[in-house]
Amino acid sequence: MKENTRRLIDYSLPAVFENVLQTSVGFIDSVLIAKISLVAVSAVSLVNGVMAVYQAVFIALAVAVATVVSNAAGARATKEVSENVRQSIALSLVIGVILSILSLVLAQPILRAMGASGEILQQGIVFFRVIAGTSVLIVLMTVLGQLIRTAGQPRTPLTINLIVNILNFCLDVVLIFGLFGLPRLGILGAGIGTALSRLIGVCLLFHKLQKTSHRLNGPVINLKYQLFKTEIVKRALPIMGERLMMRLGDIVIFVIIIAYGSKVFAGNAIGETITAYNYLPAFGFATGASILIARAYGAKDRLEIRTLTQKSFFMTAIISTIVGGMIFTFSSFILNFFTSDAVAVSAAHVVILISFVSEPIVAGVIIYTAALQAMGDAKTPFYATMFGMWIIRISLAWILGTAFGMGIWGVWIATVLDNIFRLIVLKLVYECRIKNQIINRTT
């Protein structure tokens, strides 16, 4: 096995397994919440839609952190790496605290704006205030884990997430159903269990970070530097814009789907929960590839950049398609754990089928986005996503799904067309940057 392939696997597989762990807890949470009611499923789905927007901000920051720190590491700029670590943690704290406070205050109007009402709104507010109100824990877990990976320890975040997810599951079961004499908290219990487990995760990750070469030295806040004018923020903003365009577009799609009825909406939510596993290989390899490509970019190694990108795409496409095929094959059995409602099951089947057949396309979008961002081009993914989501996906989803009466089929066909468009744009720009990039060709 070639050295770059081994390193790619070493960095990517722990991230894949980490994603599997996190998604598995979300999957189990969904099963547990489904035992409460379909209303609870819909409420959590709406909250998760908002949290996906928050995650867009957090992941954008983490991607910017990884590329900036790895560029500096590739160029062997030790002092720059240390300062970037400090800025990363400071930005995480500031952004996390601001979003946590806003979430506590604006929970009701945010969920109302998404179309929630009645019992769905009431349960959604309870869950949102616990989950979104502790956003600072989410961003710290995301960024601290990324810093540990850039320090050359990709397996450490996996180990800590295993501990966090086991704890999360245990707390959820106890608090949702009121075991061991505790009160039955339902959807509130799911939120509390998740928040407590994340708090422990942050403590463990920071402890491990301090044992690496990228440990925090000195105070987190340094008044000599303008925090929001750093290179990390400059890179994070377009990445954040790209992900926000995607997540905000998802919310509009939610609004379109919820008009088809609560059962169809719940079925779509269940289908997306299940098919989340399909995309984990792509996100895992994107995490590993972005760090290694950013290092190669800092070292001005064009051949290494191309090799890492191609290998990441092919491995991701193959693995994701296999996973998607297995989920599609056993979809009827899996859906029995969620609901027996015929309308919800039918909607979930649509999501699972289209997700399966479009796996190579989605894999390409994820990998080429990560490659361009690692090379310092965050604007192309932003523009491609903005046009693809808001011009192609949303407009066609309404035309096909609502105007032409195709329902959820129309929405998901529009999703495939959006992904095809973005893959073409990203691949063309990537090839142009590789050919025109002023970096050395290593042989």
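Only this structure's heavy atoms are used, side chains among them; waters, hydrogens and symmetry mates stay out.
Between the T150 side chain and the L147 main chain, a donor and an acceptor come within less than 3.5 Å of each other. Using modelled atom types, one side-chain atom of T212 and one backbone atom of L209 make a donor-acceptor pair closer than 3.5 Å. R302 places no side-chain N or O within 3.5 Å of a backbone atom of A296 that could act as its donor or acceptor partner. S290 places a side-chain N or O within 3.5 Å of a backbone atom of T287 that can act as its donor or acceptor partner. In terms of modelled atom types and a separation under 3.5 Å, the side chain of W390 and the main chain of M245 share a donor-acceptor contact. Checking side-chain atoms of S355 against main-chain N and O of I352 turns up no donor-acceptor pair under 3.5 Å. Of the possible polar contacts, one joining the T159 side chain to the R155 backbone as a donor-acceptor pair under 3.5 Å is found. Side chain of S320 to main chain of A317: no donor-acceptor pair is present (N/O by atom type, distance under 3.5 Å, no hydrogens or angles). Between the side chain of R433 and the backbone N or O of L428 there is no donor-acceptor pair closer than 3.5 Å.
Annotation: side chain of S135 is in contact with side chain of F58 (closest heavy-atom distance under 4.5 Å). Side chains of L426 and Y430 form no contact here, defined as non-hydrogen atoms less than 4.5 Å apart. Under the 4.5 Å side-chain criterion, counting only non-hydrogen atoms from C-beta, I366 is not in contact with T316. Considering only heavy atoms from C-beta on, N161 comes within 4.5 Å of M141 through its side chain. By the 4.5 Å heavy-atom criterion applied to side chains, V136 and V202 are not counted as neighbours. Residues K379 and L372 are not in side-chain contact: their nearest non-hydrogen atoms beyond the backbone lie 4.5 Å or more apart. Proximity of T307 to L303: side-chain heavy atoms (C-beta onward) are separated by under 4.5 Å at one or more points. Inter-residue side-chain proximity for N419 and R393 is flagged as met; some heavy-atom pair is nearer than 4.5 Å.
Side-chain atoms of T380 and D377 form a donor-acceptor pair, as typed in the model, at a separation below 3.5 Å. A donor-acceptor contact closer than 3.5 angstrom links the side chains of Y54 and S103. Side chain to side chain, T67 and Y297 fail the donor-acceptor criterion of an N or O pair below 3.5 Å. In the model, N268 has a side-chain atom that pairs as donor or acceptor with a side-chain atom of E272 under 3.5 Å. Inspection of the Q146 and T142 side chains reveals no N or O donor paired with an N or O acceptor under 3.5 Å.
Residues D172 and G193 share a closest heavy-atom pair of OD1-CA, 3.5 Å. The minimum heavy-atom distance linking P238 with A378 is given by the pair CG-CB, 3.5 Å. Scanning all heavy atoms of the two residues, the minimum distance from I327 to Y277 falls at CD1-CB, 3.7 Å. Between L335 and A348, the closest heavy-atom pair is CD2-CB, 3.6 Å. Of all heavy-atom pairs spanning I367 and A286, the tightest one is CD1-N, 3.8 Å. Nearest heavy-atom pair across A294 and S70 is CB-CB, 3.7 Å.
Exactly one of T385, V63, L237 qualifies for a side chain to side chain contact (heavy atoms under 4.5 Å, CB included) with E242. That residue is T385.
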For this session: Kindly indicate, with the supporting measurements, whether the criterion side chain to side chain contact (heavy atoms under 4.5 Å, CB included) is fulfilled by F382 and I239.
Result: CA-CA 7 Å; F382 168 69; I239 299 173; over 6 Å; no
Problem set entry | From CA spacing to verdict: side chain to side chain contact (heavy atoms under 4.5 Å, CB included), S12, M315 | CA-CA 11 Å; S12 300; M315 285 190 280; over 6 Å; no
For this session: Decide yes or no on side chain to side chain contact (heavy atoms under 4.5 Å, CB included) for F356 and T321, but give the supporting numbers first.
Result: CA-CA 6 Å; F356 165 48; T321 302; 4.2 Å; yes
Exercise. What's the verdict on side chain to side chain contact (heavy atoms under 4.5 Å, CB included) for I413 and L396, showing C-alpha distance, side-chain angles and the deciding distance?
Worked result: CA-CA 8 Å; I413 289 172; L396 287 180; over 6 Å; no
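Distance CG/L167 to CG/L162: 11.0 Å, rounded to 0.5 Å. Between L140 atom CG and S92 atom OG the span is 5.5 Å, to the nearest 0.5 Å. L199 CG to L204 CG: the interatomic distance, rounded to the nearest 0.5 Å, is 9.5 Å. Taken from CD1 in I392 to OG1 in T415, the straight-line distance is 11.5 Å, to the nearest 0.5 Å. Annotation: the span from L171 atom CG to S197 atom OG amounts to 6.5 Å, rounded to 0.5 Å. For the atom pair CG of L205 and CD1 of I148, the computed distance is 5.0 Å after rounding to the nearest 0.5 Å.
Counted within 6.0 Å of NZ on K208, heavy atoms from surrounding residues, nucleotides or ligands total 12 or fewer; the atom is thus considered open. Heavy atoms from other residues, nucleotides or ligands lying under 6.0 Å from CZ of R306 number more than 12. More than 12 non-hydrogen atoms from other residues, nucleotides or ligands lie less than 6.0 angstrom from OH of Y260.
Here F285 and F313 keep their ring centres 6.0 angstrom or further from each other.
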